[in-house]
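Here is the structure we will look at, set down as C-alpha cells.
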Amino acid sequence: MPKVEVHDTLSVDVRRAYEVTREGYRSGKFGGTSNIRSVTVLEEGEDYSVTEWDVVLQGKAIKWSERDTYDDERMTIEFDQVKGDLAKMSGACVFTEVPEGTLVTLWVEFDFGIPMLSTLLNPIAVVALRKNLTEMLDRIKSWLREG
C-alpha cells in the first residue's frame, strides 16, 4: 500500500500540541479547508471517536468513516477506515518531543482496491493526499497559534 507522510517541527510543548490536536479531531474541526469539505463526529468514547470525512482528491469527492483512537500516554492519534470509498485506509498523527519543541508527523496508507488501476491511480492519490495532510498540519499550527 502506498504511504504518504508529512511532518514539521513546531516550537510548542509536545503535550499541548497533542491535546489541542486531539480536541480538533474530537470536534471535527478539520473540515472547511480546500480539500476537506466536512468532518462530522458520529460517535465518541473515552479514548476514541468515529468521524465521517467528505474530502475532494483531485476533483473527485471521496467519503469515508474512520475510527480515531487517542493514546494520551504515547501522544498518538491513530485512525482506520471503518467504511468508505477506499478498500483500506489507515494512518496516524504522532507527536514527538524534540529539542526545538514538537515534531508532528502525519501519515496515511491507502488502497483503492483496484489492482489493475493502481499504477495509474496511486501516484495521483499520493499528490492529493500529501496536499490534504499538509492542510491538516497547517490547521494544527493555526489552532496552536489561536489558543
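Heavy atoms only: backbone and side chains are in, while hydrogens, waters and symmetry mates are out.
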Could you go through the side-chain contact (heavy atoms from CB on, under 4.5 Å) check for Met89 and Glu109 one step at a time? CA-CA 6 Å; Met89 185 191 61; Glu109 290 181 321; over 6 Å; no
Taking Leu103 as the starting point, is it possible to reach Val108 by hopping between hydrophobic residues whose side chains are less than 4.5 Å apart? no
We want to know whether Tyr18 and Thr76 form a side-chain donor-acceptor pair, criterion being a heavy-atom distance below 3.5 angstrom. no
Salt-bridge criterion met for Arg22 and Asp72 (N-O under 4.0 Å): yes
Asp54 vs Arg37, test: salt bridge (Lys or Arg N to Asp or Glu O under 4.0 Å). Steps then yes/no. CA-CA 6 Å; Asp54 181 356; Arg37 296 196 302 198; 3.0 Å; yes
Any donor and acceptor pair, going by atom type alone, linking the side chain of Arg130 with main-chain N or O of Val6 inside 3.5 Å? no
Are there more than 12 heavy atoms of other residues, nucleotides or ligands under 6.0 Å from atom NZ of Lys141? yes
Within one Ile-Leu-Val-Met-Phe-Trp-Tyr cluster: Val56 and Leu129, side-chain cutoff 4.5 Å: no
Could you tell me whether Lys3 sits above the aromatic face of Trp107, with NZ or CZ closer than 6.0 angstrom to the six-membered ring centre and within 45 degrees of the axis? yes
Report yes or no: does Thr102 contribute a side-chain atom to a donor-acceptor pair with the main-chain N or O of Val12 at less than 3.5 Å? yes
Atom pair CG/OG1 of Leu42 and Thr40 - distance to nearest 0.5 Å: 6.5 Å
So do the side chains of Cys93 and Ile140 get within less than 4.5 Å of each other, counting heavy atoms only? yes
I want to check something: taking the side chain as every heavy atom from C-beta on, are Val55 and Asn132 in contact at a cut-off of under 4.5 Å? yes
First locate atom CD of Glu66, then atom NZ of Lys83, and finally report the distance between them rounded to the nearest 0.5 Å. 13.0 Å
Shortest non-hydrogen contact from His7 toward Thr105: CB-OG1, 3.8 Å
If you round to the nearest 0.5 Å, how far is CD1 of Ile77 from OG1 of Thr69? 10.0 Å
I want to check something: taking the side chain as every heavy atom from C-beta on, are Leu137 and Leu106 in contact at a cut-off of under 4.5 Å? yes
With the side chain counted from C-beta on, respond yes when Phe110 and Pro2 share a heavy-atom pair under 4.5 Å apart, and no when they do not. yes
Determine, for Lys63 against Glu52, whether the closest basic-nitrogen to carboxylate-oxygen distance falls under 4.0 angstrom. no
Residues Asp13 and Arg16 bridged, charged N to O under 4.0 Å: no
For Val41 and Ser27, work out which heavy atoms get closest and say how close. CG2-C, 3.8 Å
For the CG atom of Asp68 and the CD atom of Glu78, what is their distance to the nearest 0.5 Å? 10.5 Å
Does Val4 share a hydrophobic cluster with Val94, counting links as ILVMFWY side-chain heavy atoms below 4.5 Å and allowing steps through other members? no
Answer yes or no: is there a side-chain heavy-atom contact under 4.5 Å between Gln81 and Lys88? no
Give, for atom OH of Tyr70 and atom OG of Ser49, the distance between the pair rounded to the nearest 0.5 Å. 2.5 Å
Non-hydrogen atoms of Lys29 and Arg139 that approach each other most closely: O-NH1, 2.5 Å
Trp64 and Val39: same hydrophobic cluster, using ILVMFWY side-chain contacts below 4.5 Å? yes
Quiz question: by atom type and distance under 3.5 Å, do the side chains of Tyr48 and Glu43 form a donor-acceptor pair? yes
Answer yes if Met136 and Leu144 sit in the same cluster of Ile, Leu, Val, Met, Phe, Trp and Tyr residues linked by side chain heavy atoms under 4.5 Å apart, and no otherwise. yes
OG1 on Thr51 to CZ on Arg67, rounded to 0.5 Å: 11.0 Å
